[in-house]
Amino acid sequence: MRALITGSKGFIGSRLAQTLSDKGWSVERMDFPHNVAEKHNWQYKLTGIDYVFHLAGLLDDYETGGSDFSKFIDVNVKSVAFMFEAIIEHKLPVKKIIVASSQSVYGEGMDRTENDLLAPLSMYGASKAAMEDVLMTLGRINHIPVVALRYSIVLGAGQQYKDEDSRILPCFVEMAKKGEVITHEDGRQLRDFVHIDDVVSATIFAAEKLEGIFNVGSGQATSVMEVAEYIAAKFGAQAKAGGRKRVNTARNQTMKIDTMLMLGWSPRLTWKDAVDEFIVSQSPSVSLSSPIPS
């Protein structure tokens, strides 16, 4: 099988590319300077491709809020339309398209399911919801199987601070090295943290077996403070709440993964496994057996 991965230099894309290669797939990569928001870049990259894994996208700017709203449409929505235009105009026999969506489409709420009403709190979430509509519509009218995967917060080794969708891990580790981990708000916000390897396995599972929209996460709610305390303990540091609120983001946000479980996929690792692997990759001398302070 031959796959095209957009965003192939990113955290998820690079791990997916390596895993597919290890499985014997032929992998074509599409990343900078090839812009997914420019149609001509799709035309030659899609030639000979069986499966498209469209992971590239414009992420939230949580720190400033940002006001370049149209950019989210240009990158996250138009890229899907351009991809289909290239496929249809050049009669390319693509077998399936898998696109990275996000739990951000739900907005505030716990235990959200794929059938729940979408109420995004940011332009990023709104653009992902619009992207899903475009993907499903164009897939249906052009008879191409499509999948949208709503990822929760992905953690693991190889993550960089610039990965703004899930930078809690490199950010907290850097703070822990300096002696103190400080959370946003009171640290009791609930999130679903999922291991990168489970996200990759779910993505490949979707390519092989699924069509439609699916939640991908651990299915477990964890407080931000619990993650902060766990990381702080590895470095003999302290964890405390900073009080500062992030803009355009939910207080609590978790999803149910019952549909994926029923269909045969399940997570095999935990967010603690992801944290441990990241710390070892960054700080091999740190003891992973360090106790968590009471």
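Remember, it's a predicted structure, so these values are computed and weren't measured experimentally. For the numbers below, each heavy atom of this structure counts, side chains included, while hydrogens, waters and symmetry mates do not.
- Contact check on Glu185 versus Arg251 returns a salt bridge, with a Lys/Arg side-chain nitrogen under 4.0 Å from an Asp/Glu carboxylate oxygen.
- Taking NE2 from His143 and CG from Leu138, the interatomic distance works out to 12.0 Å, rounded to the nearest 0.5 Å.
- With Phe172 as the fixed residue, the side-chain contact (heavy atoms from CB on, under 4.5 Å) test singles out one of Val275, Ile182, Ile231: Ile231.
- In summary, Lys234 and Glu229 do not engage in a salt bridge, as defined by a charged side-chain N under 4.0 Å from a carboxylate O.
- A pairwise comparison of heavy atoms in Ser201 and Asp198 identifies OG-O, 2.9 Å as the closest pair.
- No donor-acceptor distance shorter than 3.5 angstrom exists from the side chain of Asp50 to the backbone of Met1, with no hydrogens or angles considered.
- Under the 3.5 Å distance criterion, the side-chain polar atoms of Asn35 are matched with a main-chain donor or acceptor of Ala37.
- When hydrophobic clusters are built by joining Ile, Leu, Val, Met, Phe, Trp and Tyr residues whose side-chain heavy atoms come closer than 4.5 Å, directly or via intermediates, Ile87 is grouped together with Ile141.
- Side-chain atoms of Glu132 and Ser101 form a donor-acceptor pair, as typed in the model, at a separation below 3.5 Å.
- Of the residues Ile153, Thr254, Asn215, the one that meets the side-chain contact (heavy atoms from CB on, under 4.5 Å) test with Gln103 is Ile153.
- Note: the hydrophobic cluster containing Leu92 also contains Phe82 (ILVMFWY, side chain heavy atoms under 4.5 Å, direct or indirect links).
- Of the possible polar contacts, one joining the Ser127 side chain to the Tyr124 backbone as a donor-acceptor pair under 3.5 Å is found.
- Residues Val134 and Leu46 share a hydrophobic cluster, clusters being chains of Ile/Leu/Val/Met/Phe/Trp/Tyr side chains in contact below 4.5 Å.
- Donor-acceptor pairing under 3.5 Å is recorded for the side chains of Tyr230 and Asp276.
- Checked by atom type and distance alone, the side chain of Ser152 pairs as donor or acceptor with a backbone atom of Asp192 at under 3.5 Å.
- When every heavy atom of Leu149 is checked against every heavy atom of Ala202, the shortest pair comes out as CD1-O, 4.4 Å.
- Side-chain polar atoms of Tyr44 and His90 form no donor-acceptor pair below 3.5 angstrom.
- Side-chain atoms of Thr6 come within 3.5 Å of backbone N or O of Ala56 as a donor-acceptor pair.
- Phe193 is not connected to Met225 by any chain of hydrophobic side-chain contacts under 4.5 Å among Ile, Leu, Val, Met, Phe, Trp and Tyr, and they are in different clusters.
- Using modelled atom types and a 3.5 Å distance limit, the side chains of Arg150 and Tyr106 yield a donor-acceptor pair.
- Between the side chain of Lys45 and the main chain of Leu4, no donor-acceptor pair closer than 3.5 Å is present.
- Under a 3.5 Å cut-off, the side chain of Gln159 and the backbone N or O of Val154 do form a donor-acceptor pair.
- Remark: aromatic rings of Trp265 and Phe214 are distant, center separation not under 6.0 Å.
- Between the side chain of Arg15 and the backbone N or O of Ala157 there is at least one donor-acceptor pair closer than 3.5 Å.
- Although no hydrogens or angles enter the test, the distance criterion places no donor-acceptor pair under 3.5 Å between the side chain of Asp273 and the main chain of His195.
- A donor-acceptor pair under 3.5 Å is formed between the side chain of Asn76 and the backbone N or O of Leu58.
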